[in-house]
Student: 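The structure is given below, and queries will be raised subsequently.
First listed ligand is number 1; within each ligand, the first listed atom is number 1.
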Amino acid sequence: MPKHFLMCRPDYFTVEYAINPWMHPEAGADRDVAVRQWEGLKAAYEELGHKVSLIDPIEGLPDMVFAANGALVVDGRVYGARFAHPERGPEGPAYLRWFTERGYPAHEPLHVNEGEGDFLTLDEVILAGTGFRTDVVAHQEAQEYLGRPVITLKLVDPRFYHLDTALFPLDGRNVAYYPEAFSEGSRKVLRRLFPDAVLATAEDAEVLGLNAVSDGRNVVINAEASNLQLELKRSGYEVIPVDLSELRKAGGGPKCCTLEIRGEI
Ligand SMILES: CN(C)C(=N)NCCC[C@H](N)C(=O)O
């Protein structure tokens, strides 16, 4: 099934503040390289037959390229984002506006949450991260608005500050994840829910290999995550490696640049 993604060209991408351990403003980042790499990601989706819509980037919002953080869209209903850091604050209303201007029913959130960065949707449940960015109360708010069961997972390693840096859905029923990014209790929950999960190594997680996008058959994944690519191939998936090394300097990978629009209106 073709998917529908929302992306934001990194025309104003910089690393000028540090709100996660990957960001080093003194080291800078090359915007032209970032744009080229981002275009490679967009082309990869289009070659797989997925539809990509674009939101206009806004000057002064260098992280707006990370569209996954902009909202959570399920059954054509939009649960808006409310960012933890003021540097990214205006992105929430900007993404919400994109949807409301196109007629999507939307909910302006009361609680801090960073969209699909911390909410990952499977067939029956939504997995939700907390610990660094999204407030656990937002999990209840999303459940109430979307009418889907939301399962809380606690993140414990600041390098993996969003759920989508530590776990990705392989399809509607199974996931790949890096166990050490989660609290002991959440690891137990994951083992119980996903006994057949693909487990990633520290080397894969440290190149944001879990920040991947699967359509159930093809997995678009950071090129450097070589062990995980091998595991995925062994499990029968097609692997599409992409180079997003410049965007990783802000703490993002393929999934971060990709907001899935589930259910058209
Ligand atoms: C997994 N997703 C969506 C992300 N991890 N997003 C990247 C956000 C990067 C940004 N500098 C920040 O720290 O918010």
Side-chain angles (χ1 to χ4, degrees), residues 5-10 12-29 31 34 37-38 41 55 57-58 60-73 79-92 94-95 112-121 126-135 138 153 155 157-169 175-178 181-182 200 204-214 219-222 225 242 244-261:
F5 298 134
L6 180 62
M7 298 180 71
C8 180
R9 203 168 183 271
Y12 302 110
F13 177 68
T14 57
V15 179
E16 61 190 40
Y17 49 75
I19 56 172
N20 70 53
W22 304 81
M23 300 178 88
H24 302 286
E26 68 289 353
R31 182 178 297 155
Q37 293 180 343
W38 178 89
L41 176 65
I55 181 171
I58 298 174
L61 295 179
D63 276 335
M64 194 170 167
V65 57
F66 300 120
N69 300 147
L72 166 67
V73 188
Y79 176 58
R82 191 181 181 101
F83 283 82
H85 295 283
E87 290 88 340
R88 299 195 66 188
E91 292 181 46
Y95 276 94
V112 169
N113 85 87
E114 299 201 347
E116 279 201 319
D118 272 321
F119 287 104
L120 295 172
T121 304
I126 297 174
L127 302 178
T130 190
F132 297 103
R133 298 287 179 91
T134 295
D135 192 326
L153 297 170
L155 297 160
D157 181 332
R159 293 172 302 166
F160 309 112
Y161 55 95
H162 278 142
L163 180 62
D164 73 354
T165 62
L167 181 150
F168 72 94
V175 302
Y177 69 98
Y178 175 53
F182 295 91
D204 292 321
E206 282 159 10
V207 290
L208 288 182
L210 275 313
N211 195 246
V213 176
S214 172
V219 181
V220 177
I221 183 170
N222 267 338
V242 289
L244 286 189
S245 48
E246 214 52 32
L247 291 164
R248 194 161 58 233
K249 294 178 180 169
K255 170 59 201 162
C256 297
C257 298
T258 313
L259 172 57
E260 184 171 348
I261 301 177

Student: Among residues at least two apart in sequence or on other chains, which ones pass side chain to side chain donor-acceptor pair (under 3.5 Å) with Arg82?
Tutor: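 Here no residue qualifies.
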Student: Give a table of atom pairs where an N or O of ligand 1 lies under 3.5 Å from a protein N or O.
Tutor:
unit_1: ligand 1; atom_1: 2 (N); unit_2: His162; atom_2: ND1; d: 3.4
unit_1: ligand 1; atom_1: 2 (N); unit_2: Asp164; atom_2: OD1; d: 3.1
unit_1: ligand 1; atom_1: 2 (N); unit_2: Asp164; atom_2: OD2; d: 3.3
unit_1: ligand 1; atom_1: 5 (N); unit_2: Tyr161; atom_2: OH; d: 3.2
unit_1: ligand 1; atom_1: 5 (N); unit_2: His162; atom_2: ND1; d: 2.9
unit_1: ligand 1; atom_1: 6 (N); unit_2: Asn69; atom_2: OD1; d: 3.1
unit_1: ligand 1; atom_1: 11 (N); unit_2: Asn20; atom_2: ND2; d: 3.4
unit_1: ligand 1; atom_1: 11 (N); unit_2: Asp63; atom_2: OD1; d: 3.2
unit_1: ligand 1; atom_1: 11 (N); unit_2: Asp63; atom_2: OD2; d: 2.9
unit_1: ligand 1; atom_1: 11 (N); unit_2: Ala250; atom_2: O; d: 2.8
unit_1: ligand 1; atom_1: 13 (O); unit_2: Asn20; atom_2: ND2; d: 2.7
unit_1: ligand 1; atom_1: 13 (O); unit_2: Arg133; atom_2: NH2; d: 2.9
unit_1: ligand 1; atom_1: 14 (O); unit_2: Arg88; atom_2: NH1; d: 2.7
unit_1: ligand 1; atom_1: 14 (O); unit_2: Arg133; atom_2: NH1; d: 2.8

Student: Using a 4.5 Å cut-off on heavy atoms from C-beta on, say whether the side chain of Leu41 contacts that of Thr258.
Tutor: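 Thr258 vs Leu41: side chains touch.
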Student: Can a donor-acceptor pair be found, under 3.5 Å and without considering hydrogens, that links the side chain of Asn211 to the backbone of Gly253?
Tutor: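 Here the side-chain-to-backbone pair exists.
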Student: Test of understanding: with side chain to side chain donor-acceptor pair (under 3.5 Å), list the residues that count as partners of Thr165, not counting sequence neighbours.
Tutor: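 Thr165 satisfies side chain to side chain donor-acceptor pair (under 3.5 Å) with no residue once adjacent residues are dropped.
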Student: Tell me yes or no: between the side chains of Asp63 and Tyr17, is some donor less than 3.5 Å from an acceptor?
Tutor: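 Note: Asp63 and Tyr17 side chains meet the donor-acceptor criterion.
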Student: Looking at residues at least two apart in the chain, or sitting in another chain, which of them share a side-chain contact (heavy atoms from CB on, under 4.5 Å) with Asp135?
Tutor: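 Residues passing side-chain contact (heavy atoms from CB on, under 4.5 Å) with Asp135: Val112, Val137.
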